[in-house]
Amino acid sequence: MLRVSIILFYFCLLTFNLEKALPELPEVETIKNDLEKVILNKKITAVIIHRSSVVKEPSLKKFKSLLLDSKFRKIIRRGKLLAFEIITAQKEIYFLSVHLRMTGQLVYGSDDPKSRVSFKLSNGFYLCYNDQRTLGELRLVKDIQALNVVKNMGPEPLSKDFRVNDFIKYISMRKAKIKPLLLDQKFVAGIGNIYAAEALFISKIDPARNACDLNEQEAKLLFKNIKSILKKAIKCRGSSFSDYRDGHGNKGTFSNNFYVYGRKGQACLVCKDFIQRIKLGGRGTYFCPGCQK
DNA sequence: CGGGGCTCCTGTGCGC
DNA sequence: TGCGCACAGGAGCCCC
């Protein structure tokens, strides 16, 4: 009987937790912090490309030849984008930008047979780019600021560029629904489906409300909660719902703290109402109808 | 501006 | 049992 219950329990976990977790700001920040400790000043001794479509620019040949014998100097994160500053064998500075999109992973360790691109390092270890759905993008560019994604990106939510008065003002000017607006990287950088849902829950705001209909107190609260939830998630080394892994291939623990994300049909941890899942802007959106008004 | 739909991709789940 | 379709989603694109 006990064994049957245990099997049923895991079966339920498997069936209900199908939603994918995407690498958002806290996950990308965790990868950056992990990799900084192990790859800086290491030289790339081989570039192995198993899936050429993930390399967007320049040509494969140039991508390989520039990276070969380059050294990692620095890692930068902007929103969900990671950029590795490298110095080539010809002493030129380039940036290897990596967008993980849905299922991308950057893992340091031994070579992974299912990697899409592997970089062999001078110490014999590998930096592997894994990506089941291959929607991620690698680019090698001279000027990272010139990339359209970077040029168009909104403020970093954990930096001083993210100001409460600006946030209140811009929110009051937008008619779009607040949840899809939070996902817009031009509005604020680094927030994805998980943290948008969770920040709105803590702020008790209905994700379907028009941004301009939030009052000043609500906008202020949301601003504060965006910052606090991202900081908390970084402390937990990110959320691993399914695909996300840190720089060493390990899971993060923030998913244990979810109030609404992936909890459709389950009781709200605050008011016991049932968590609902609706579509907003084409994206699955979780919320508690009891708590969020 | 806002919103809808399509595209990229692959594993999974469901209907017939 | 098995085939084929729908779905999941970040982000760019097009269109109304």
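Naming convention: chains lettered A, B, ... in sequence-line order (proteins, then strands); numbering from 1 in each chain. In this text the structure is predicted, and so the values were computed from the model without any measurement.
Scanning for side-chain contact (heavy atoms from CB on, under 4.5 Å) contacts around A:S122 gives A:K42, A:K43, A:T45, with sequence neighbours left out. Residues passing the side-chain contact (heavy atoms from CB on, under 4.5 Å) test with A:R209 are A:I205, A:D206, A:L214, A:E218, sequence neighbours excluded.
For the pair A:N33 and A:E29, the minimum side-chain heavy-atom distance is below 4.5 Å.
Atom CD1 of A:I171 and atom C1' of B:dC1 are 16 Å apart (whole Å). One atom, CG of A:N193, and another, P of C:dG10, lie 5 Å apart when rounded to the nearest Å. Taking atom NZ of A:K179 as the reference point, atom C1' of B:dG2 lies 16 Å away to the nearest angstrom. For the pair A:K186 NZ and B:dG2 P, the interatomic distance rounds to 11 Å; values are reported in whole Å. Counting to the nearest Å, the C1' atom of C:dG12 and the CG atom of A:D184 are 12 Å from each other. Atom C1' of nucleotide C:dG9 and atom OH of A:Y286 are separated by 11 Å, given to the nearest angstrom. Note: CD (A:E137) to P (C:dG9) measures 19 Å, nearest angstrom. Atom CD1 of A:I278 is separated from atom P of B:dG3 by 13 Å (rounded to the nearest Å).
A:K279 comes within 4.0 angstrom of the backbone, heavy atoms only, and of no base.
Side-chain atoms of A:K293 never come within 3.5 Å of backbone atoms of A:K204 as a donor-acceptor pair (strictly under, hydrogens ignored).
Checking each of A:F258, A:F201, A:Y261 against A:Y286 for a ring-ring contact (aromatic ring centres under 6.0 Å, His included) leaves exactly one that passes, namely A:Y261.
With respect to the salt-bridge test (charged N to carboxylate O, under 4.0 angstrom), the residues A:E24 and A:K80 do not qualify.
Between A:Q185 and the phosphate of C:dG10, there is no side-chain N or O to OP1/OP2 separation shorter than 4.0 Å. Residue A:K80 has a polar side-chain atom (N or O) positioned under 4.0 Å from OP1 or OP2 of C:dA11. For the OP1/OP2 pair of C:dA11 and a distance below 4.0 Å, the side-chain nitrogens and oxygens of A:H99 include at least one atom meeting the criterion.
Residue A:I48 belongs to a hydrophobic cluster whose other members are A:Y126, with links defined by side-chain heavy atoms closer than 4.5 Å.
For the pair A:K74 and A:F84, the cation-pi criterion (under 6.0 Å, within 45° of the ring axis) is not fulfilled.
Axis angle across the helix from B:dG2-C:dC16 to B:dC16-C:dG2, with five pairs used at each end and values rounded to 10°: 60°.
For the 3.5 Å distance criterion, the side chains of A:T103 and A:D131 qualify, holding a donor opposite an acceptor. A:Y195 and A:E27 share a side-chain donor-acceptor pair at under 3.5 Å.
The environment of OH in A:Y259 is sparse: at most 12 heavy-atom neighbours from other residues, nucleotides or ligands sit within 6.0 Å.
Classification of the A:F63-A:F119 ring pair by plane angle, with boundaries at 30° and 60°, yields tilted.
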Indicate for each nucleotide in nucleotides 5-11 of chain B, in 5' to 3' sequence, whether protein heavy atoms under 4.0 Å reach the base (B), only the sugar-phosphate (S), or nothing (-). ---BBBS
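Proximity of residues 144-155 of chain A to DNA chain B (heavy atom under 4.0 angstrom from any strand atom) is not detected for any residue.
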